[in-house]
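This report concerns only the one structure given below.
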There are 2 protein chains.
Amino acid sequence: MLYFNEMATVKKKKKTDGAEEKILSAARKLFTEKGFDAVKTRDIAKEAGINLALLNYYFRSKENLFVIIMKENMAKFMEVITKIVDNEETSLEQKIEVLVANYIDILSVNPDMPLFVIRNSRIDDQRMKMRGKFMNSYFMEQVQDSIKKGKIENINPANLILNIVGLTIFPFVAHRMFQSANGFTQKEFNELMQERKKLIPKWIEAMLKVK
Amino acid sequence: MLYFNEMATVKKKKKTDGAEEKILSAARKLFTEKGFDAVKTRDIAKEAGINLALLNYYFRSKENLFVIIMKENMAKFMEVITKIVDNEETSLEQKIEVLVANYIDILSVNPDMPLFVIRNSRIDDQRMKMRGKFMNSYFMEQVQDSIKKGKIENINPANLILNIVGLTIFPFVAHRMFQSANGFTQKEFNELMQERKKLIPKWIEAMLKVK
DNA sequence: TTTTGATTTAAACAAATGATTAAATCATTT
DNA sequence: AAATGATTTAATCATTTGTTTAAATCAAAA
């Protein structure tokens with residue numbers, strides 16, 4: 001006479017429903033928003049609606065939890081970038097276009113990510129991989145090729161990357177600078193970013209023609 | 001029979017020589033380098049070679065000391081920008097050139113300043129002023145004028161500023177990203193910035209021709 | 001020389017914060 | 001139902017950190 005109950009109670013041992021997940025969500029939100037130092041373990045516990053000790057029970061420490069979120073964020077980013085940059089089917093121009101569009105789309109949803117990454121120099125290895133991915137990509141081959149063929153001017157690859165990434169990311173880094181008081185509203189800011197999505201590739205192209 | 005002594009002992013009551021100044025210097029260095037949270041009052045005291053309590057004796061609190069440094073930094077920046085941007089004697093192109101060159105020169109000496117400013121959203125009023133200075137400057141008048149005369153394409157002023165500032169400042173923000181391990185040395189980085197000093201104005205000009 | 005007021009110090013306080021502990025609770029198995 | 005092992009809690013610990021206090025020191029004035 002237990003089989004009814006057995007079907008109903010599929011969940012095995014779960015008092016606080018998905019406590020581990022709730023902690024991860026809370027940590028993800030708070031860390032990404034405020035950075036490591038500004039977030040207290042008690043904030044995370046409160047946001048997750050769980051007891052403080054649970055945080056240390058599931059994840060060994062605050063640091064550990066942070067690293068998990070950090071890697072998660074970076075992986076998400078890297079996956080998108082790699083896919084674009086190593087694509088052998090698209091032209092240089094198309095890559096820049098897609099790259100910028102993807103960056104801006106991700107950042108529009110996650111506007112605090114760049115500051116988060118910059119603020120926390122704890123985990124460098126991920127960023128290093130990013131740099132490597134860029135420099136050794138098919139994208140870079142295409143750049144060298146275009147220079148050789150005289151389609152674009154000779155440009156330092158570092159400058160090209162700095163320009164693409166800088167033009168795209170910087171507004172999000174400076175974010176609050178352009179919102180406070182007589183500045184921009186969130187809506188205006190987002191509209192501006194959508195406008196830049198179209199413009200940045202054109203600007204980059206124009207740059208590549210500069211002698 | 002006191003006049004000899006009066007001349008010799010010009011310094012009035014100074015045991016720890018210039019303690020106040022030493023605290024300011026230490027705070028300036030540490031705050032600019034690491035930001036508010038990462039610097040402990042004990043760090044400052046140690047760096048200044050003074051007793052911890054002196055910090056609270058001369059400056060009421062850590063926060064107060066920080067605000068002083070912050071305003072100092074912003075004022076230095078603002079002074080340069082204002083002078084350039086309101087100059088009625090120089091052309092638009094010259095302004096961009098001088099603006100970029102000055103930014104890069106200041107930042108080359110003070111590479112941690114942008115991160116410092118971004119990291120500490122405590123004092124917003126200064127940055128607001130900066131924005132105002134830009135938007136209501138003679139520089140902006142010249143932009144509008146050039147657009148009217150068809151010398152440059154119609155561009156959203158916000159975009160123009162974001163591009164100039166972004167291209168110039170972003171490398172310093174991403175600083176460490178481009179240095180660790182197989183990245184850049186300090187020397188290489190500085191050389192790259194010097195190169196950009198010449199290139200950014202050209203890039204901006206090219207942008208301004210994009211339809 | 002004594003007094004006075006500014007400067008400096010060592011010590012302590014109080015709050016915040018990351019982590020741990022020991023006991024309680026609950027679902028499942030025996 | 002009792003035992004078991006995972007989950008959860010309240011309470012506590014230990015450290016860090018900004019600040020204060022009370023006393024000591026020192027230079028100048030009286």
Side-chain angles (χ1 to χ4, degrees), chain A residues 1-28 30-31 33-70 120 122, chain B residues 1-28 30-31 33-70 120 122:
Chain A
M1 287 132 199
L2 282 170
Y3 28 86
F4 287 122
N5 249 328
E6 272 172 353
M7 293 303 285
T9 328
V10 176
K11 53 175 181 179
K12 290 179 183 176
K13 307 173 185 177
K14 281 283 157 70
K15 190 171 165 189
T16 302
D17 186 49
E20 200 169 342
E21 261 313 316
K22 287 205 283 189
I23 295 173
L24 273 175
S25 293
R28 184 156 36 237
L30 294 178
F31 276 144
E33 203 171 273
K34 305 185 181 180
F36 184 82
D37 291 330
V39 175
K40 309 306 170 189
T41 50
R42 281 166 178 79
D43 299 342
I44 301 176
K46 197 176 178 186
E47 172 81 25
I50 53 96
N51 185 284
L52 173 59
L54 267 189
L55 191 149
N56 288 294
Y57 174 73
Y58 283 117
F59 311 90
R60 213 163 41 79
S61 67
K62 180 189 178 188
E63 175 91 19
N64 201 46
L65 180 55
F66 176 79
V67 170
I68 290 171
I69 302 297
M70 184 73 171
N120 307 282
R122 283 159 208 282
Chain B
M1 289 129 189
L2 282 173
Y3 30 87
F4 287 122
N5 249 328
E6 272 172 351
M7 294 301 286
T9 328
V10 176
K11 51 174 184 182
K12 288 180 182 174
K13 306 173 186 178
K14 280 282 158 68
K15 189 172 167 188
T16 301
D17 184 50
E20 201 170 341
E21 262 313 314
K22 286 205 283 188
I23 295 173
L24 273 176
S25 294
R28 183 156 36 237
L30 293 179
F31 277 144
E33 203 170 90
K34 305 183 182 183
F36 184 82
D37 291 329
V39 174
K40 309 306 168 190
T41 50
R42 282 164 177 81
D43 299 341
I44 300 175
K46 197 177 180 187
E47 171 83 23
I50 54 95
N51 186 284
L52 174 59
L54 269 187
L55 191 148
N56 287 295
Y57 174 73
Y58 283 117
F59 310 90
R60 211 165 42 81
S61 66
K62 180 190 177 187
E63 174 91 18
N64 201 46
L65 180 55
F66 177 80
V67 170
I68 291 172
I69 302 297
M70 182 75 170
N120 307 283
R122 282 158 207 284

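Values below: every heavy atom of this structure, side chains too, minus hydrogens, waters and symmetry copies. We name chains A, B, ... by the order of the sequence lines, and we start the count at 1 in each one. Please read these numbers as outputs of a predicted model, since none were measured by experiment.
Across the protein-nucleic acid pair, B:I23 atom CD1 and C:dT8 atom P stand 9 Å apart, rounded to whole Å. Note: CG (A:L54) to P (C:dA24) measures 18 Å, nearest angstrom. Between the CD1 atom of A:I44 and the P atom of C:dT17 there is a distance of 12 Å, rounded to whole Å. Rounded to whole Å, the distance from CG on B:L55 to P on C:dA10 is 15 Å. Going from atom CG of A:N51 over to atom P of C:dA22 covers 17 Å, rounded to whole Å. Between the P atom of D:dT7 and the CD atom of A:E21 lies a distance of 14 Å, rounded to the nearest Å. In this entry the distance linking NZ of A:K22 with C1' of D:dT7 reads 13 Å, nearest Å. Distance CG (A:L65) to P (C:dA19): 10 Å, rounded to an integer number of Å.
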Residues A:Y57, A:E20; criterion side-chain contact (heavy atoms from CB on, under 4.5 Å); working and verdict: CA-CA 10 Å; A:Y57 174 73; A:E20 200 169 342; over 6 Å; no
Test side-chain contact (heavy atoms from CB on, under 4.5 Å) applied to A:Y58 and A:L24, step by step: CA-CA 10 Å; A:Y58 283 117; A:L24 273 175; over 6 Å; no
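Residue A:Y57 has no polar side-chain atom (N or O) positioned under 4.0 Å from OP1 or OP2 of D:dT8. OP1 or OP2 of C:dT8 has at least one side-chain nitrogen or oxygen of B:Y58 nearer than 4.0 Å.
Note that the CE atom of A:M70 and the CZ atom of A:F36 stand 11.5 Å from one another [nearest 0.5 Å]. Distance check: A:L55 CG to A:K22 NZ gives 13.5 Å after rounding to the nearest 0.5 Å. In this structure, CG in A:N64 is found 8.5 Å from CZ in A:F59, a value given to the nearest 0.5 Å.
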Taking only distance into account, with no hydrogens and no angle test, what donor-acceptor pairs under 3.5 Å do side-chain atoms of residues 38-51 of chain B form with protein atoms, sequence neighbours excluded?
from	atom 1	to	atom 2	distance (Å)
B:K40	NZ	B:D37	O	2.8
B:D43	OD2	B:K40	N	3.0
B:E47	OE2	B:K29	NZ	3.2
B:N51	OD1	B:A53	N	2.8

Secondary structure string for DNA chain C (Watson-Crick or G-U under 3.5 angstrom, | for other-strand pairs): ||||||||||||||||||||||||||||||
Between the protein and nucleotides 14-18 of chain D, list the N/O to N/O atom pairs that are separated by less than 3.5 angstrom.
from	atom 1	to	atom 2	distance (Å)
D:dG18	OP1	B:K62	NZ	2.8
D:dG18	OP2	B:T41	N	2.7
D:dG18	OP2	B:T41	OG1	2.9
D:dG18	N7	B:R42	NH1	2.8
D:dG18	O6	B:R42	NH2	3.0

